[in-house]
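Just follow the structure's listing: the first ligand is 1, and inside any ligand the first atom is 1.
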Amino acid sequence: MTTTPEQIVAWDRSEGAARATAAFERAFGTAPDGVWSAPGRVNVIGEHTDYNGGTCLPMALPHRTYVAFRRRADDEVRLVSAQEGAPVTVSLGEVAPGTVEGWAAYVAGVAWALRESGRTVSGFDAAVDSCVPYGAGLSSSAALECAVAVALDETHGLALGSSDEGRAVLARACIRAENEIAGAPTGGMDQSASLRCQEGHALLLDTRDGSTHHIPLDLGSHGLALLVMDTRAEHQLVDGQYAARRTMCEAAAHELGVTTLREVTDLDDALARLAAMPDADVVTRRVRHVVTEIARVQEIADLLARDAVEEMGPVLSAAHASLRDDYEVSCPELDVAVDTAAAHGALGGRMVGGGFGGSAIALVRVDDVDRVAAAVDEAFASRGWHAPAFLVAQAAAPAGRD
Ligand code: ADP
Ligand code: MG
């Protein structure tokens, strides 16, 4: 029996705002000051480069997290989320690394980080609802942080959301929230994408200096689509794998006498110099991934600049091989998704996000989208795996008021 592959549906912004508003009124018995939302993202190319001073090319998705928000006069933060259980209350003055449990850390952490940067921020009530799935590699955590950031910005008159420089400041606050309060040692790609993307464009982000270029991305005019395949895979024992990769990259950079692996200009020379390190075989493969991946970002940017969109396929597939074999962050579900898509006409594809689950992307002809999704769905069913879910990525708008 064949079934229709499941879609990850993006809400209309009016629907998202209405949901968050209704949740706010139910929880707090009054109307919010407004609703702010921020998108999840998918990264076209440049994986595990952001914490190495490298480049990446994410785009905002139409899937957003909505926050109905009301500023308070005191220091209390009261939170509800349609995706979580009981309401949470946090006192802003008590927020510090290690003090906030669970999802509230992503929210309270943003207010904490803005205070740390010298801005005046008071308590607030907030109700959250979202169509960005958790842990799918689409960055629900940054979507939540960035929606809170733009809400805080406008309700406190910080005037950061109205310029790209200001948004870079908000992104830094969100990164600190995630790193220091939520305790997730991620790089800065997700928050920059959610706050600094433009509709219809991918964001070429250089994490070395924070500079950005907006690259028009209109796959549809080439009869192509970027199919996102959420494997729904959840692997145990992968906690700490991300941090371990990051730590090893930092150790390799230290050994090479550079600030970050971005500074590596001669890969062969660098690999030779790492040969004396403990675990040299692993270290050299990790470094090779990062350095070649940064080169692939440039390759894709160049292809897009000359409208050679079809030629992106092999570069995406090379990235997958590198993530699978050198960085070792893939898993059977991601490999099957990528390989099955390729076997059914995809021009190329790769896993996205941290790895060990989450999503993969495939560059497919528009006419093949349904066929490829059905084949991947079938491949998962035949292995007894959880059914995957799909969306076709459209480069959508950044965080803002609804
Ligand atoms: P992702 O790849 O989706 O960002 P993470 O593990 O980084 O996965 O972040 C997921 C976590 O972010 C959730 O477990 C939760 O703590 C928090 N989160 C994301 N979206 C929401 C939401 N709508 N409501 C409450 N918490 C959320
Ligand atoms: Mg995340």
Student: Do S117 and R119 have side-chain atoms, one donor and one acceptor, less than 3.5 Å apart?
Tutor: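 Checked: S117/R119 side chains pair up, N/O donor to acceptor below 3.5 Å.
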Student: Has R19 got its NZ or CZ under 6.0 Å from the middle of the six-membered ring of W11, at an angle within 45 degrees of the ring axis?
Tutor: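 Here R19 passes the 6.0 Å and 45° test against W11.
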Student: Testing the 3.5 Å rule here: is there a donor-acceptor pair between the side chains of S122 and R71?
Tutor: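 Checked: S122/R71 side chains pair up, N/O donor to acceptor below 3.5 Å.
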Student: Does any donor atom in the side chain of D209 or S211 lie under 3.5 Å from an acceptor atom in the other side chain?
Tutor: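 Yes - a donor-acceptor pair under 3.5 Å links their side chains.
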Student: Return the residue, atom name and 0.1 Å-rounded distance of the protein heavy atom closest to atom 8 (O) of ligand 1.
Tutor: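 Here the closest protein heavy atom is G135 N, 3.4 Å.
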Student: Are H213 and D206 close enough that a side-chain donor and a side-chain acceptor fall under 3.5 Å?
Tutor: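 Distance-only check fails for H213 and D206.
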Student: Closer than 2.8 Å to the Mg ion (ligand 2): does that hold for any N, O or S atom in S141?
Tutor: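 Yes, S141 qualifies, because one of its backbone or side-chain N, O or S atoms lies under 2.8 Å.
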Student: Tell me, which protein residue and heavy-atom name are nearest atom 3 (O) of ligand 1, and how many Å apart are they?
Tutor: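 Answer, as residue, atom name and distance: S140 OG, 2.6 Å.
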Student: Specify the protein heavy atom at minimum distance from atom 26 (N) of ligand 1: its residue, its atom name, and the distance to 0.1 Å.
Tutor: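 Looking at atom 26 (N) of ligand 1, the protein heavy atom closest to it is Y134 OH, 3.1 Å.
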Student: State the atoms of ligand 1, each with its element, that fall below the 4.0 Å cut-off from a heavy-atom position in L144.
Tutor: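 The list of qualifying atoms is 18 (N), 21 (C), 26 (N), 27 (C).
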Student: In the protein, what heavy atom is nearest to atom 6 (O) of ligand 1, and what distance, to one decimal place, separates them?
Tutor: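 For atom 6 (O) of ligand 1, the nearest protein heavy atom is Y106 OH, 4.6 Å.
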Student: For a quick check under 3.5 Å, do D402 and S37 share a side-chain donor-acceptor pair by atom type?
Tutor: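 Distance-only check passes for D402 and S37.
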Student: S130 heavy atoms, cut-off 4.0 Å: which ligand 1 atoms fall inside?
Tutor: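 Here the atoms of ligand 1 in question are 23 (N).
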Student: With heavy-atom distances below 4.0 Å as the criterion, list the atoms of ligand 1 near S81.
Tutor: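 Numbered from 1, ligand 1 contributes 22 (C), 23 (N), 24 (N), 25 (C).
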Student: Short list, please: which atoms of ligand 1 are under 4.0 Å from a heavy atom of V128?
Tutor: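 It comes down to these atoms of ligand 1: 22 (C), 23 (N), 24 (N).
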Student: Which atoms of ligand 1 sit under 4.0 Å from any heavy atom of S141?
Tutor: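 Once the distances to S141 are compared, the set is 4 (O), 7 (O), 9 (O), 12 (O).
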Student: Checking a contact table here: which protein heavy atom is nearest atom 16 (O) of ligand 1, and how many Å away?
Tutor: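 Residue, atom and distance for the closest contact: W103 CB, 3.2 Å.
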Student: Below 30° counts as parallel, above 60° as perpendicular, anything between as tilted: where do the rings of F69 and H156 land?
Tutor: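 The arrangement is perpendicular - the two ring planes meet at more than 60°.
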Student: Identify the protein heavy atom lying closest to atom 23 (N) of ligand 1, giving its residue, its atom name and the separation to 0.1 Å.
Tutor: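 Here the closest protein heavy atom is Q83 OE1, 3.0 Å.
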Student: Is the Lys NZ or Arg CZ of R383 less than 6.0 Å from the centre of W385's six-membered ring, within 45° of the axis?
Tutor: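 Yes, R383 lies over the aromatic ring of W385.
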Student: Which of the atoms of ligand 1 are close to P133, meaning less than 4.0 Å from one of its heavy atoms?
Tutor: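 So the answer, numbered in order with elements, is 3 (O).
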Student: Please give me the minimum heavy-atom distance between F24 and R70, naming the atom from each residue.
Tutor: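 Heavy-atom minimum between the residues: CZ-CB, 3.3 Å.
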